[in-house]
Visitor: 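Got a structure for you, written out below as structure tokens; questions coming shortly.
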Number of protein chains: 2
Amino acid sequence: MGFTIKDVAERAGVSPATVSRVLNGQQRYIRPETRERVLRAVQELGYLPDRRAQALRRRRTGVIGVLTPDISNPFFSLLVRGVEHEARAHGYSVLICDSQNAPEGEDRAIDALLRERVDGVIVTSVRADNTKLLKFLSKGIALVVADRPLTHLDVPTVTVDNVRDGYKLTKHLLALGYERLAFIQGPPDTATALGRWTGYLQALREHDLEPPKGAVVSGDFTFEGGYRAAKRLLRRLGAFDAIVAANDLMALGALYALRERGIAVPDELGLAGFDDIPMASWVHPRLTTVAIPAYRIGKEAMKLLCACVRTDADKVRHRVLPTRLVVGESCRPSRR
Amino acid sequence: MGFTIKDVAERAGVSPATVSRVLNGQQRYIRPETRERVLRAVQELGYLPDRRAQALRRRRTGVIGVLTPDISNPFFSLLVRGVEHEARAHGYSVLICDSQNAPEGEDRAIDALLRERVDGVIVTSVRADNTKLLKFLSKGIALVVADRPLTHLDVPTVTVDNVRDGYKLTKHLLALGYERLAFIQGPPDTATALGRWTGYLQALREHDLEPPKGAVVSGDFTFEGGYRAAKRLLRRLGAFDAIVAANDLMALGALYALRERGIAVPDELGLAGFDDIPMASWVHPRLTTVAIPAYRIGKEAMKLLCACVRTDADKVRHRVLPTRLVVGESCRPSRR
DNA sequence: TTGTACGCGTTATCAT
DNA sequence: ATGATAACGCGTACAA
């Protein structure tokens with residue numbers, strides 16, 4: 001069954017300590033012949049060290065946790081992929097905990113990560129003010145925030161400037177001649193959703209405009225949510241000439257709803273989102289959106305986490321990555 | 001920092017053993033007052049047991065592994081979700097290992113799962129004949145196969161009948177009047193890809209047809225792969241009147257390539273795939289495909305795994321789930 | 001009803 | 001260069 005280090009030691013005719021030394025690279029104080037015998041025994045038995053026992057003794061697990069709101073959202077699966085690649089390069093395993101966009105799920109996930117004794121955590125929180133995250137810090141577990149900044153905690157953070165992005169995209173639509181921009185909101189307490197909304201309002205204000213009455217609806221960052229939100233919007237058809245969704249997945253859901261109703265995009269209504277997930281360019285018309293470097297956010301967050309673990313000093317600072325406007329065909333090049 | 005059971009014991013004025021008993025549900029032989037004190041101490045310290053230490057002592061980890069070829073493929077993320085929900089209901093945690101559709105990645109993942117001492121594994125293998133999977137069985141780790149049957153191993157398996165599906169879809173296209181069906185293959189050694197191809201050939205043979213010359217190209221089950229495959233196919237434009245892709249993701253990649261070249265679907269070319277991933281119905285035209293119950297496959301596989309762990313006897317058998325043809329608009333209702 | 005003592009698999013330390 | 005031993009945090013048989 002499961003062989004232990006003792007089995008290997010016995011087969012090689014050495015002590016468990018020697019086996020451990022051979023396997024842990026302190027190879028200078030070992031006779032080549034012994035080394036050989038041990039490795040052969042390992043090979044023959046197909047011995048693989050028990051990670052749990054190792055973690056217990058070493059007092060570090062070699063596992064970092066990722067707390068993500070929705071792994072089925074391509075944006076986050078890309079972000080997690082960035083974390084994973086960088087983590088692997090540093091010898092860490094990655095434990096993914098999906099909160100399913102629910103505060104309770106997030107609390108459960110935090111407990112799970114604490115029980116697993118992860119060496120560090122990368123968090124994309126549902127709530128911008130989740131105080132339970134303090135538990136990590138109080139237990140000396142490194143914490144890095146990715147994509148969604150926290151309001152109450154000053155920890156290393158990798159984000160983009162969501163307000164700027166919301167502003168940027170809205171300005172773009174206004175420049176194209178759209179004037180009555182409906183808006184599909186993200187989850188209520190989510191930092192990115194709030195930032196984009198704020199930027200949208202700023203841009204409107206600069207043009208002495210307001211959100212069209214009854215054309216601001218709530219969503220939850222999912223395709224389904226975008227679909228339902230768009231259906232609600234369609235009851236006010238005529239009150240707006242374009243729809244801005246707080247992320248691409250909802251924009252795609254809206255596109256589906258519009259198609260169902262036979263409303264042509266961009267001829268009858270403009271449509272835009274945020275993230276630039278791959279699917280945004282797979283559909284027709286391709287989505288106008290703001291490209292957020294999800295993979296790179298994950299990668300940078302993991303780099304920061306490594307820096308945290310190494311240097312106790314907090315010379316690790318926030319990073320704000322650049323974004324890029326992606327002009328698809330979901331908005332008319334120029335209105336009249 | 002990290003509190004241990006001793007800290008709790010000390011604070012509650014009892015022995016570690018008592019704390020353990022309170023927390024592990026053998027609560028009948030404990031004085032309510034003591035119980036109270038212990039729980040209060042746990043609360044105050046925010047104590048959470050170390051899962052690794054627990055696993056070491058209990059000789060089971062409470063973790064099951066999922067070996068998946070590509071978690072970014074919506075089909076598999078749905079399958080994994082099915083596993084997760086059922087696992088949670090049985091008190092198991094889930095460790096996901098992505099082989100990135102590469103045999104080497106799969107071997108690495110197997111080692112990782114062995115080191116983690118998972119209690120059981122659900123496998124969707126890249127190769128239908130991966131002998132390294134035997135390691136699980138030889139170490140007494142329960143093994144269940146999901147979606148892609150293995151050729152060399154008789155273990156509990158949850159699948160659909162891929163040959164039948166390939167046959168079914170092809171027959172449908174032929175009935176619509178399509179006669180020259182190009183085919184985009186899946187990865188060479190993958191069971192589902194091979195099955196669908198076989199069914200396709202069977203159906204063609206029944207109509208005394210053959211795959212059109214030069215219109216069978218290889219792919220890798222990814223969107224990008226489907227895109228590239230379709231571009232290769234387009235060099236033989238005119239040799240075929242429809243494209244069958246071995247999965248939806250590739251079909252969507254092909255759709256993108258066709259659109260880029262200004263080829264109308266279904267007016268100029270028919271298009272079909274397998275899986276019925278959500279996106280298949282989000283695009284326009286919606287894809288004609290065969291619905292494979294990914295979520296249910298995952299769920300059933302986890303159920304079988306539980307059955308394996310409980311009963312050593314192999315009364316656990318294979319399960320073949322039903323599928324359903326989904327008629328989208330990507331194929332013309334009737335040719336001529 | 002509660003405490004003592006041991007063992008789970010591994011590694012760091014000290015001794016040889 | 002290698003072996004013996006303690007310790008990591010927890011659960012449980014057995015003693016009290």
Side-chain angles (χ1 to χ4, degrees), chain A residues 1-39 41-42 45-63 91 114-119 139-141, chain B residues 1-39 41-42 45-63 91 114-119 139-141:
Chain A
M1 295 287 183
F3 292 110
T4 77
I5 201 171
K6 284 182 194 166
D7 300 320
V8 178
E10 195 169 341
R11 188 174 184 99
V14 298
S15 78
T18 304
V19 177
S20 175
R21 271 190 289 253
V22 169
L23 264 44
N24 291 323
Q26 305 177 8
Q27 308 193 359
R28 26 188 185 186
Y29 294 100
I30 292 196
R31 199 166 2 134
E33 180 197 316
T34 311
R35 213 178 86 83
E36 204 58 42
R37 276 216 314 283
V38 169
L39 289 179
V42 166
L45 265 50
Y47 166 75
L48 287 171
D50 185 326
R51 296 255 311 159
R52 298 188 141 71
Q54 288 183 321
L56 194 58
R57 177 64 235 215
R58 289 179 179 164
R59 313 187 58 78
R60 31 162 275 140
T61 57
V63 176
L114 288 170
R115 265 192 291 263
E116 294 289 348
R117 301 294 193 266
V118 289
D119 295 334
K139 290 187 193 291
I141 297 173
Chain B
M1 292 290 184
F3 292 109
T4 76
I5 202 170
K6 284 182 194 164
D7 300 320
V8 178
E10 196 170 341
R11 187 174 185 101
V14 298
S15 78
T18 304
V19 177
S20 174
R21 271 190 288 256
V22 170
L23 264 43
N24 292 322
Q26 306 179 4
Q27 308 193 0
R28 26 187 184 187
Y29 294 101
I30 292 197
R31 196 163 6 131
E33 179 197 317
T34 312
R35 214 179 83 82
E36 205 57 45
R37 276 217 314 283
V38 169
L39 290 180
V42 166
L45 264 50
Y47 167 73
L48 288 171
D50 184 327
R51 296 256 310 159
R52 300 190 137 69
Q54 287 183 321
L56 195 57
R57 180 65 242 208
R58 288 178 177 160
R59 311 188 58 76
R60 30 161 276 141
T61 56
V63 176
L114 289 169
R115 265 192 292 263
E116 295 289 348
R117 301 293 192 267
V118 289
D119 294 335
K139 289 185 195 293
I141 298 173

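Numbers restart at 1 for each chain; the letters A, B, ... are given by sequence-line order, proteins then strands. Side-chain atoms are counted along with the backbone in the values below, which use heavy atoms only and exclude waters and symmetry mates.
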Visitor: Looking at every strand, decide which applies to B/P16 at a 4.0 Å heavy-atom threshold: base, sugar-phosphate, or nothing.
Guide: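 Nothing, no heavy atom under 4.0 Å.
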Visitor: Might you work through the salt bridge (Lys or Arg N to Asp or Glu O under 4.0 Å) test for B/E33 and B/R37, ending with a clear yes or no?
Guide: CA-CA 6 Å; B/E33 179 197 317; B/R37 276 217 314 283; 3.4 Å; yes
Visitor: For B/S20, report the nucleic acid contact type (base, sugar-phosphate, nothing); a contact means any heavy atom under 4.0 Å.
Guide: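 Touches a base.
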Visitor: If I take atom NZ in residue A/K6 and atom P in nucleotide D/dG3, what distance separates them, rounded to the nearest angstrom?
Guide: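 So the NZ-P distance, A/K6 to D/dG3, works out to 15 Å.
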Visitor: Which one, C/dG3, C/dT2, D/dA1, comes nearest to the side chain of B/I30?
Guide: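 Of the candidates, C/dT2 comes closest.
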Visitor: Testing B/V22, B/L45, B/L23 one by one against B/V8 for a side-chain contact (heavy atoms from CB on, under 4.5 Å), which residue passes?
Guide: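 Filter result, single survivor: B/L45.
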Visitor: Report yes if a donor N or O on one partner sits less than 3.5 Å from an acceptor N or O on the other, where the partners are the side chain of A/R57 and the base of C/dT10; otherwise report no.
Guide: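 Checked by distance alone, the answer is no.
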Visitor: Please give, in whole Å, the distance from D/dG11 C1' to B/N24 CG?
Guide: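 Rounded to the whole Å, the gap is 7 Å.
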Visitor: Choosing from C/dT10, D/dC8, D/dC14, which nucleotide comes nearest the side chain of A/L56?
Guide: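 The answer is D/dC8.
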Visitor: Provide, to the nearest angstrom, the distance between the CG atom belonging to B/L23 and the C1' atom belonging to D/dG9.
Guide: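 It works out to 13 Å between those atoms.
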Visitor: Name the closest nucleotide to the B/T4 side chain, picking from C/dT10, D/dG3, D/dG9.
Guide: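 The closest nucleotide is D/dG9.
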Visitor: Can you tell me how far C1' of D/dT2 sits from CD1 of A/I5, to the nearest Å?
Guide: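 Atom CD1 in A/I5 sits about 14 Å away from atom C1' in D/dT2.
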Visitor: Kindly determine whether B/E116 and A/R52 satisfy salt bridge (Lys or Arg N to Asp or Glu O under 4.0 Å), including the steps that lead there.
Guide: CA-CA 7 Å; B/E116 295 289 348; A/R52 298 188 141 71; 3.3 Å; yes
Visitor: To the nearest angstrom, how far is B/E33 atom CD from C/dT1 atom C1'?
Guide: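 B/E33 atom CD is separated from C/dT1 atom C1' by 12 Å.
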Visitor: Can you identify which nucleotide, out of C/dG3, D/dG11, C/dT10, has its nearest atom closest to the A/Q54 side chain?
Guide: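 Side chain of A/Q54 sits closest to C/dT10.
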Visitor: Checking the side chain of B/T61 only, and the main-chain atoms of B/R117 only, is there a donor and an acceptor separated by less than 3.5 Å?
Guide: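 Yes; judged by distance alone, with no hydrogens or angles, the pair exists.
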Visitor: For B/R60, is there any backbone N or O sitting under 3.5 Å from a side-chain donor or acceptor partner on B/D119?
Guide: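 Answer holds: no.
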Visitor: Nearest to the B/T34 side chain among D/dT2, C/dT2, D/dC8, which nucleotide is it?
Guide: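 Nucleotide nearest to B/T34's side chain: C/dT2.
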Visitor: What is the distance from CZ of A/R60 to C1' of D/dA7, rounded to the nearest Å?
Guide: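 Value for this atom pair: 18 Å.
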Visitor: Rounded to the Å, how far apart are B/R21 CZ and D/dC10 P?
Guide: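 Taking atom P of D/dC10 as the reference, CZ of B/R21 is at 16 Å.
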Visitor: Rounded to whole Å, how long is the line connecting atom CZ of B/R51 with atom P of D/dC10?
Guide: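 Rounding to the nearest Å, CZ of B/R51 and P of D/dC10 are 13 Å apart.
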Visitor: Please determine, for the side chain of B/T18, which listed nucleotide (C/dT11, C/dG3, D/dC10) has the closest atom?
Guide: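 Output: C/dG3.
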Visitor: If you go through the side-chain atoms of B/R59, does one of them form a donor-acceptor pair with the base of D/dG11 closer than 3.5 Å?
Guide: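 Per atom types, no contact qualifies.
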Visitor: So does A/R31 get a side-chain nitrogen or oxygen closer than 4.0 Å to the phosphate oxygens (OP1/OP2) of D/dT2?
Guide: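 Looking at the OP1 and OP2 atoms of D/dT2, one of them is under 4.0 Å from a side-chain N or O of A/R31.
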Visitor: With sequence neighbours excluded, tell me which residues meet side chain to side chain donor-acceptor pair (under 3.5 Å) with B/D7.
Guide: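 B/D7: no side chain to side chain donor-acceptor pair (under 3.5 Å) contacts found.
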Visitor: Compare the minimum distances between each of D/dT2, C/dT10, D/dG9 and the side chain of B/D50, then state the nucleotide with the smallest one.
Guide: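 Minimum distance to the B/D50 side chain belongs to D/dG9.
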Visitor: Which listed nucleotide (C/dG3, C/dA12, D/dC10) is nearest to the side chain of A/A17?
Guide: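 Looking only at heavy atoms from C-beta outward on A/A17, the closest nucleotide is C/dA12.
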